[in-house]
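Atoms within each ligand, like the ligands themselves, are counted from 1 in listed order.
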Amino acid sequence: MAKGGNGGAAAYAAKDIQVLEGLEAVRRRPGMYVGGTDVKALHHLVFEVVDNSVDEALAGACDRIQVILRKDGVVAVVDNGRGIPVDIHPEKKKPALEIVMTMLHAGGKFGGGSYKVSGGLHGVGVSAVNALSRWCEVEVRRDAKVYSQRYERGVPTGPVRAVGKAKAGETGTTVTFRFDEQIFKGELDYKFDTLATRFREMAFVTRGVTISLKDERDGQETSFYFEGGILSFVKYLNRNREVVHPVVAVNREVDGIGIEVAVQYTDAYNESVYSFANTINTVDGGTHLTGLRAALTRTINDYARKAGLLKESDPNFSGDDTREGLTAIVSIKHPDPQFESQTKVKLMNAEVQTLVQQVVAEGFGTFLEENPREARAIVEKCLTSARARDAAKKARDLVIRKSALESLTLPGKLADCSERDPGKAELYIVEGDSAGGSAKQGRDRHFQAILPLRGKIMNTERARLDKILGSNEIKSLVSALGTGIGEGFDMSGLRYGRVIIMTDADVDGSHIRTLLLTFFFRYMASLVEDGHLFIAQPPLYRIESKGRGASVRYTYSDPERDRVVKELGGPDKVSLQRYKGLGEMNPQQLWETTMDPANRTLLLVTVEDAAEADRTFDMLMGSAVPPRRDATCRRWPAAPRP
Ligand code: 0RA
């Protein structure tokens with residue numbers, strides 16, 4: 001075992017045991033530290049290291065972070081921060097670098113006083129990444145020297161060593177690690193888009209930092225730098241929308257808490273509001289978001305009254321009225337952020353609500369006072385929204401009442417099954433008439449019903465969900481299910497215990513799936529909660545072996561394809577077909593691969609998945625202009641298999 005070079009041997013042994021125990025705890029219960037051992041947790045490793053580099057940026061000590069995806073699951077994170085300190089810790093008698101890398105939660109003890117990402121939600125420190133890596137190497141550039149140490153499964157393979165000279169004034173840290181396949185099992189690998197999406201967010205909310213991502217597996221590269229911080233973020237979100245006024249941005253520090261807000265109204269119907277705390281995307285909102293919303297509603301009401309745009313007899317605008325078409329970001333930097341829990345990403349610090357509310361009310365109020373034309377446009381938008389909401393409610397009530405009646409008559413396109421016990425019956429919602437045809441022929445008509453939906457329901461871009469609700473496609477779906485919707489939803493009417501969404505594995509397919517999930521999330525939430533909603537998994541490849549005893553195999557991912565091809569004797573021994581859509585499968589193939597309960601894989605949709613779709617929905621519905629790469633190419637989050 002490595003020795004630092006000073007201190008008694010006995011004392012060292014005791015400390016080493018302590019270190020080993022700490023790392024062992026991480027390896028024994030990775031779920032507690034990185035949330036599991038799946039592909040999501042794998043990405044968490046990278047985020048954990050990058051969080052530490054972003055902390056350096058938040059401390060004003062770093063403006064460049066490079067992430068490199070090497071072959072064979074190796075990741076390198078390079079930053080130009082201060083470099084992890086290497087001096088000997090007075091009590092532990094070891095270099096600080098070794099302590100940071102091998103002791104849990106040791107990272108935070110050195111910084112002090114500044115905002116931290118790594119001290120917040122994730123908070124496990126690079127040592128957890130080290131513990132979960134087959135090997136890890138850290139290089140520190142500091143005091144004109146380059147230091148290095150290597151670890152295997154968290155244990156140093158030697159002391160911290162000065163290995164060379166750094167250029168004058170050059171500082172920084174490089175952490176290179178290969179995840180441990182004993183912990184992260186299965187065919188896991190990093191996804192460029194997942195990483196890029198998070199890095200874009202981090203760059204938006206960390207002014208002045210450049211985060212670049214390079215994928216050496218396929219040469220893909222991207223880099224994020226936003227001069228204007230979250231103001232740029234709002235511009236980016238509204239890039240395809242008609243805006244009502246220039247972005248209103250407020251940037252203040254109160255009581256040691258950094259508060260940044262950017263607001264812009266657009267002609268859209270949806271609200272796109274994102275909140276961050278110490279660069280962490282708080283997807284469940286929290287006190288900072290509540291403060292922002294409350295301030296906007298109050299400020300607009302006050303202004304509208306004062307300017308005579310709301311008459312005495314008019315009621316105040318509701319929160320919903322002031323949120324339509326709103327794009328906003330609130331990003332706070334807090335020395336001691338409190339989150340609801342590890343998984344629910346919600347900010348809980350109570351004092352933040354009042355502070356954000358005050359800062360926004362002041363900044364946005366001033367904007368309204370100083371820009372009467374824009375202020376009027378915003379108020380008028382709220383008025384339209386209030387009226388439309390009223391009308392929409394009436395229309396919706398009508399749809400709900402009507403669909404209750406219509407559920408007596410089943411839609412013409414439905415190919416129903418003969419089974420009447422909902423516990424045994426299944427409904428396949430299939431994209432497109434041609435795939436619908438294959439599914440109708442391939443199914444087991446005893447218990448499988450097919451409802452083909454036309455893709456064009458997605459063309460209702462920018463439409464309120466209320467409008468989509470009025471579409472014939474959705475009406476057919478509601479009456480086939482037999483439950484009614486919204487407040488009129490009644491589970492006892494459900495005609496199929498399994499509702500299965502079956503769409504192509506392409507962009508259109510993912511749009512339709514997102515729309516359907518959004519619909520279920522908003523209008524039939526208990527159907528999702530009770531585990532009735534599934535996503536079918538059609539295969540991506542058909543592999544036929546050419547040799548004697550020819551056989552056919554189907555595979556559902558690229559690594560699986562590679563493995564099967566190898567198993568069957570290599571590329572020369574097989575013929576490979578890639579399915580671009582369900583329509584390319586004949587009814588028999590569709591049955592065998594995707595519908596036969598003996599062979600198929602269904603993904604159970606969780607409420608979290610559906611909520612994620614609801615958020616994505618807004619991004620997809622923005623407009624048709626450029627390809628919205630990140631949102632559409634992301635694979636659906638894998639849900640537990642039933
Ligand atoms: C402990 C203390 C300080 C910085 C760091 C750790 C640090 C960790 C990582 C991980 C990746 N990059 C990093 N950069 C820095 C404070 C340093 C000081 O006060 O000089």
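Distances shorter than 4.0 angstrom occur between a heavy atom of P85 and an atom of ligand 1.
For E56, the side chain to side chain contact (heavy atoms under 4.5 Å, CB included) criterion is met by A61, C62, R82, not counting sequence neighbours.
A salt bridge is defined here as a Lys NZ or Arg NE, NH1 or NH2 lying under 4.0 Å from an Asp or Glu carboxylate O, and D215 with R217 meets this definition. D72 and R178 are not joined by a salt bridge, as no carboxylate oxygen comes within less than 4.0 angstrom of a charged side-chain nitrogen.
Inclusion of D79 in the set of residues having an N or O under 3.5 Å from an N or O of ligand 1 is warranted. Taking distance alone, with nitrogen or oxygen atoms compared against 3.5 Å, N52 stays at or beyond that limit from ligand 1.
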What's the verdict on ring pair (Phe, Tyr, Trp, His ring centres under 6.0 Å) for Y236 and F226, showing C-alpha distance, side-chain angles and the deciding distance?
CA-CA 10 Å; Y236 168 81; F226 302 103; 7.2 Å; no
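Neither the backbone nor the side chain of E48 comes within 4.0 Å of ligand 1, counting heavy atoms alone.
Interface atoms of ligand 1 facing S53, defined by a heavy-atom separation under 4.0 Å, are 11 (C), 12 (N).
Between the CG atom of L45 and the CZ atom of F177 there is a distance of 5.0 Å, given to the nearest 0.5 Å.
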